[in-house]
Amino acid sequence: MIGSRSSRSSVLVAATVVATLFCAAGPATATPSLTAKQFRKAANATCRAAFKAVDSSFGKHFEGLSEGETPSLASIREAVAEMIEILRDATDDIKVLDGPKGYERKVAGFLAEFERVVAEFEGDPEAMFAAELRSYPFEDPDAIARRIGLSRCAQRG
């Protein structure tokens, strides 16, 4: 009998159980918070992979150049554009990590400085490429990365 008190009670009990399980499980998109150590490990792995990809990209774009030969402006633009995409993807991957709030603030400071340099590359690829050859534009982000335990996010040791 569909309208019986017994079937309505069963539906209410089932609905209560489902609601309880849903609330206990939390939203499906929630991720567990990482410890600072786990956060560093994940961020360092992301940076390591990104820098390998940048090295590979630059190798592809500049292979065949002899020592002291200047690459074409088109090659520089293409290589820098690919580098920017790789580095932005890496920073996006780090931003979604869920770690201790105090540590995340430190990482946000590093990422802001890192993204500032990447934006300079985007604004003037040729000048920043030349600057990379004469000096080192990532010096400040590297110092911050080392200070907060993201040594693999520092491009130079």
Side-chain angles (χ1 to χ4, degrees), residues 18-157:
V18 170
T20 302
L21 290 174
F22 180 77
C23 289
T29 59
T31 57
S33 183
L34 301 172
T35 66
K37 183 178 180 179
Q38 292 167 328
F39 190 105
R40 282 191 298 273
K41 184 176 181 179
N44 278 319
T46 296
C47 290
R48 186 178 331 114
F51 294 150
K52 279 185 178 183
V54 168
D55 287 345
S56 174
S57 170
F58 272 52
K60 175 184 74 179
H61 286 286
F62 303 125
E63 70 185 356
L65 291 177
S66 59
E67 186 70 32
E69 185 179 357
T70 304
S72 70
L73 291 179
S75 292
I76 292 171
R77 287 185 194 118
E78 289 172 13
V80 169
E82 196 167 315
M83 177 197 76
I84 289 167
E85 183 178 335
I86 292 166
L87 296 180
R88 287 217 167 114
D89 287 347
T91 57
D92 289 345
D93 289 348
I94 293 171
K95 285 177 182 178
V96 299
L97 294 174
D98 183 22
K101 297 303 173 211
Y103 190 68
E104 282 186 354
R105 280 192 295 276
K106 292 177 184 178
V107 172
F110 157 69
L111 291 175
E113 185 63 23
F114 188 82
E115 289 174 318
R116 181 192 60 75
V117 176
V118 171
E120 288 179 13
F121 270 94
E122 186 174 41
D124 193 349
E126 296 89 2
M128 289 303 290
F129 184 81
E132 177 76 19
L133 296 177
R134 336 181 267 287
S135 62
Y136 184 57
F138 286 97
E139 190 172 321
D140 291 341
D142 279 8
I144 296 168
R146 283 190 295 276
R147 189 170 51 246
I148 64 173
L150 298 179
S151 59
R152 294 291 189 160
C153 293
Q155 294 185 60
R156 292 190 180 166

Taking ring pair (Phe, Tyr, Trp, His ring centres under 6.0 Å) as the test, write out the residues that go with F114, two or more places apart.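 F114 satisfies ring pair (Phe, Tyr, Trp, His ring centres under 6.0 Å) with F110, F138 only.
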
Contacts of F62 that satisfy ring pair (Phe, Tyr, Trp, His ring centres under 6.0 Å) - sequence neighbours left out: F58, F129

Taking all non-hydrogen atoms of both residues, which atom of [X] and which atom of [Y] are closest, and how far apart?
| X | Y | result |
| --- | --- | --- |
| P141 | V117 | CG-CG2, 4.0 Å |
| L65 | P71 | CD1-CB, 3.6 Å |
| C47 | I94 | SG-CD1, 3.7 Å |
| A90 | A50 | CB-CB, 3.7 Å |
| P100 | A36 | CG-N, 3.6 Å |
| G109 | I144 | O-CD1, 4.5 Å |

Find the distance between [atom1] ([X]) and [atom2] ([Y]) and round it off to the nearest 0.5 Å.
| X | Y | atom1 | atom2 | answer |
| --- | --- | --- | --- | --- |
| M83 | R88 | CE | CZ | 9.5 Å |
| T70 | I76 | OG1 | CD1 | 7.5 Å |
| I148 | F39 | CD1 | CZ | 8.0 Å |
| Q155 | E132 | CD | CD | 6.5 Å |
| L111 | L87 | CG | CG | 11.5 Å |
| R48 | R152 | CZ | CZ | 4.5 Å |

Flag yes if more than 12 heavy atoms outside E120 fall under 6.0 Å of its CD atom; otherwise flag no. yes

In this structure, are over 12 heavy atoms from other groups packed under 6.0 Å from R40 atom CZ? yes

Regarding D98 and K95, does a basic nitrogen lie under 4.0 Å from an acidic carboxylate oxygen?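 No, D98 and K95 are not salt-bridged.
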
So does E104 pair up with K101, basic N to acidic O under 4.0 Å? yes

Residues two or more places apart in sequence or in another chain: which of them pass side chain to side chain donor-acceptor pair (under 3.5 Å) with [X]?
| X | result |
| --- | --- |
| R77 | E126 |
| S72 | S75 |
| K41 | none |
| K60 | E82 |

Donor-acceptor pair, [X] side chain versus [Y] backbone, under 3.5 Å?
| X | Y | result |
| --- | --- | --- |
| T46 | A42 | yes |
| T35 | Q38 | yes |
| S135 | A131 | yes |

Is there side-chain contact between E115 and T91, with at least one heavy-atom pair below 4.5 Å?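 The answer is yes; the side chains approach within 4.5 Å.
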
Is any side-chain heavy atom of P137 less than 4.5 Å from a side-chain heavy atom of M128? yes

